[in-house]
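Notes follow the structure.
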Amino acid sequence: MNARLTDRDLRILVKCTICRWLTTAQIRRLYFPKATLNAVQKRLRKLSDAGYLRSYRDHPTAEAVHALGPKGKPLVEEKGIEAALSAEVPQQLEHLLGVNEIRITVETSAVQVAYFFAYWQLSDTGWSHGVIPDAVLAVRAPERHTFVIEYDRSTETLTKLLQKLRSYDRGLTGFPFEAVLIVTERTRRVELLSREVRRANLSLAVLASTLADLNQANFFESEFVDLADSTKRKVLAQRNEA
């Protein structure tokens, strides 16, 4: 089956290459903001049937996720982007999709994004630090602001997360950053993190929010909790402006 590709289709292929896997809703948010869900599903199904995308559904009522397909690989590589086909759906799919959800909330904001690299991209950037964040982010507003991001699904212990925070607190040589941004799925987790961060007496700024809150507002207009003192502030606000 063949499908005549549009510029939007090619952008979808590139994005799926960068993000590895995206849900139908995520692709709709990025490229079909005014289209019905049914229309988006039909287009993605056509691209998948033609081999440009690879689509997967865990069960008949689950939302489909999409990755680059074999026929899409040469088209993406023509644009100078290295494309690797996913052999199988990753075991940590929910975590990967959550990181991409954060990416989308950042990239659909009004702030100019210098870069957003997820953990699977960091090795290609020459990242050599012992601690690997879920993502690193830099924006221009208009000055450069750089952040480390951790997506916390409450699947790892607070002790393990605090170990990472202590590593960040010691600094990453050659990679200065302003704050660690923790995105969780539950408000209760933010409260627990705040208590533990205060006990740890960290010197770096650690800000937390829930993924649901970020999806309700512009990423940089959302209020994060400063875990050191439980005050709220926006990511690009200075600490003394809280």
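All values derive from a computational prediction rather than experimental measurement. The first residue of the sequence shown is numbered 1, and numbering continues consecutively from there. Values below: all heavy atoms of this structure, side chains included; hydrogens, waters and symmetry mates excluded.
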(message) side chain to side chain contact (heavy atoms under 4.5 Å, CB included), that's the test. Do Leu172 and Val131 meet it? Break it down for me.
(response) CA-CA 9 Å; Leu172 302 176; Val131 58; 3.6 Å; yes
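- At least one donor-acceptor pair under 3.5 Å links the side chain of Arg233 to the backbone N or O of Ala237.
- Within the 4.5 Å cutoff, no side-chain heavy atoms of Cys19 are placed close to those of Ile104.
- Ionic pairing of Lys164 and Glu150 is present here: one or more N-O contacts between side-chain nitrogen and carboxylate oxygen are shorter than 4.0 angstrom.
- Annotation: side chain of Tyr52 is not in contact with side chain of Leu68 (no heavy-atom distance under 4.5 Å).
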(message) Using the rule given for side-chain hydrogen bond (donor to acceptor under 3.5 Å, both in side chains), can you reason through Thr210 versus Thr187, listing the C-alpha separation, both sets of side-chain angles and the distance that settles it, and then say yes or no?
(response) CA-CA 6 Å; Thr210 66; Thr187 302; 5.1 Å; no
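- Contact check on Asp226 versus Lys232 returns no salt bridge, with no Lys/Arg side-chain nitrogen under 4.0 Å from an Asp/Glu carboxylate oxygen.
- Using modelled atom types, no side-chain atom of Glu196 and backbone atom of Glu191 make a donor-acceptor pair closer than 3.5 Å.
- Nearest heavy atoms, Ala200 versus Leu162: CB-CD2, 4.4 Å.
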(message) Under the criterion side chain to side chain contact (heavy atoms under 4.5 Å, CB included), I'd like the reasoning laid out for Ile81 against Val14: C-alpha separation, chi angles, the key distance, then a yes or no.
(response) CA-CA 8 Å; Ile81 300 170; Val14 169; 3.5 Å; yes
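- Residues Lys71 and Ala50 share a closest heavy-atom pair of CD-O, 2.9 Å.
- Between Leu227 and Ala208 the shortest heavy-atom distance is CD2-CB, 3.9 Å.
- Scanning for ring pair (Phe, Tyr, Trp, His ring centres under 6.0 Å) contacts around Phe175 gives Trp127, with sequence neighbours left out.
- Side-chain atoms of Val183 and Asp152, non-hydrogen and from C-beta on, never get closer than 4.5 Å to each other.
- In this structure, the separation between CD1 on Ile182 and CZ on Arg189 is 9.0 Å, given to the nearest 0.5 Å.
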(request) Kindly indicate, with the supporting measurements, whether the criterion side chain to side chain contact (heavy atoms under 4.5 Å, CB included) is fulfilled by Leu211 and Ile102. (result) CA-CA 7 Å; Leu211 193 56; Ile102 298 168; 3.9 Å; yes
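- Side-chain atoms of Leu192 and Val190, non-hydrogen and from C-beta on, never get closer than 4.5 Å to each other.
- Counting only distance, with no hydrogens or angles, the side chain of Glu221 and the backbone of Asn218 share no donor-acceptor pair below 3.5 Å.
- The stretch residues 212-231 participates, sequence neighbours left out, in these ring-ring contact (aromatic ring centres under 6.0 Å, His included) pairs: Phe219-Phe224.
- Within the 3.5 Å criterion, the main-chain N or O of Trp21 finds a donor-acceptor partner in the side chain of Asn100.
- In plain terms, the two heavy atoms of Thr146 and Ala138 that are nearest each other are OG1-CB, 3.9 Å.
- At distances below 3.5 Å, at least one donor-acceptor pair connects side-chain atoms of Lys73 with backbone N or O atoms of Ala83.
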(request) Show your reasoning for whether side-chain hydrogen bond (donor to acceptor under 3.5 Å, both in side chains) applies to Thr6 and Arg11. (result) CA-CA 9 Å; Thr6 65; Arg11 293 198 300 272; over 6 Å; no
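- A distance-only check finds a donor-acceptor pair linking the side chain of Ser167 to the backbone of Gln163 [under 3.5 Å].
- Atoms CD and OG1, from Glu185 and Thr155 in turn, are 8.5 Å apart once rounded to the nearest 0.5 Å.
- A donor-acceptor pair is defined here as one N or O able to donate and one able to accept, closer than 3.5 Å; no such pair exists between the side chain of Ser48 and the backbone of Leu44.
- Listed by first and then second residue, the ring-ring contact (aromatic ring centres under 6.0 Å, His included) pairs that reach into residues 147-170 are His95-Tyr151, sequence neighbours excluded.
- Looking at Phe32 and Arg43, their side chains come closer than 4.5 Å, going by heavy atoms from C-beta outward.
- Ion pairing between Lys15 and Glu107 holds under the 4.0 Å rule for side-chain N and carboxylate O.
- Residue Ile27 holds its CD1 atom at 6.5 Å from CG of Leu53, rounded to the nearest 0.5 Å.
- A distance-only check finds no donor-acceptor pair linking the side chain of Asp169 to the backbone of Arg166 [under 3.5 Å].
- Put simply, the side chain of Arg57 gets close to the backbone of Ala62: a donor and an acceptor are under 3.5 Å apart.
- For residues 18-41, the salt bridge (Lys or Arg N to Asp or Glu O under 4.0 Å) pairs, not counting sequence neighbours, are Arg29-Glu101.
- For the pair Val136 and Ile149, the minimum side-chain heavy-atom distance is 4.5 Å or more.
- The two residues His145 and Glu178 have their closest heavy-atom pair at ND1-OE2, 2.6 Å.
- When all heavy atoms of Val197 and Ala228 are compared, the pair lying nearest together is CG1-N, 4.4 Å.
- By the neighbour-count criterion of 12 heavy atoms within 6.0 Å, atom CG of Asp7 is sparsely surrounded, having that number or fewer from other residues, nucleotides or ligands.
- The salt bridge (Lys or Arg N to Asp or Glu O under 4.0 Å) analysis of residues 58-67, with sequence neighbours excluded, yields no pairs.
- Two residues are said to be in side-chain contact when any heavy atoms from C-beta on lie closer than 4.5 Å; Tyr31 and Val40 fail this criterion.
- Residue Leu37 qualifies as enclosed at atom CG: its count of foreign heavy atoms under 6.0 Å is above 12.
- With hydrogens and angles left out, the side-chain atoms of Thr231 and Asp229 include a donor and acceptor closer than 3.5 Å.
- Rounded to the nearest 0.5 Å, atoms CG (Leu193) and OG1 (Thr184) are 7.0 Å apart.
- Distance check, rounded to the nearest 0.5 Å: OG of Ser55 to CG of Leu22 gives 11.0 Å.
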(message) Is there a side chain to side chain contact (heavy atoms under 4.5 Å, CB included) between Leu47 and Asp9? Walk through the geometry before answering.
(response) CA-CA 8 Å; Leu47 293 174; Asp9 293 333; 3.7 Å; yes
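- At least one side-chain heavy atom of Ser230 sits less than 4.5 Å from a side-chain heavy atom of Arg198.
- Applying the side-chain hydrogen bond (donor to acceptor under 3.5 Å, both in side chains) test to residues at least two apart or on different chains, the pairs with a partner in residues 114-126 are Arg103-Gln121.
- For the atom pair CG of Asp213 and OG1 of Thr105, the computed distance is 11.5 Å after rounding to the nearest 0.5 Å.
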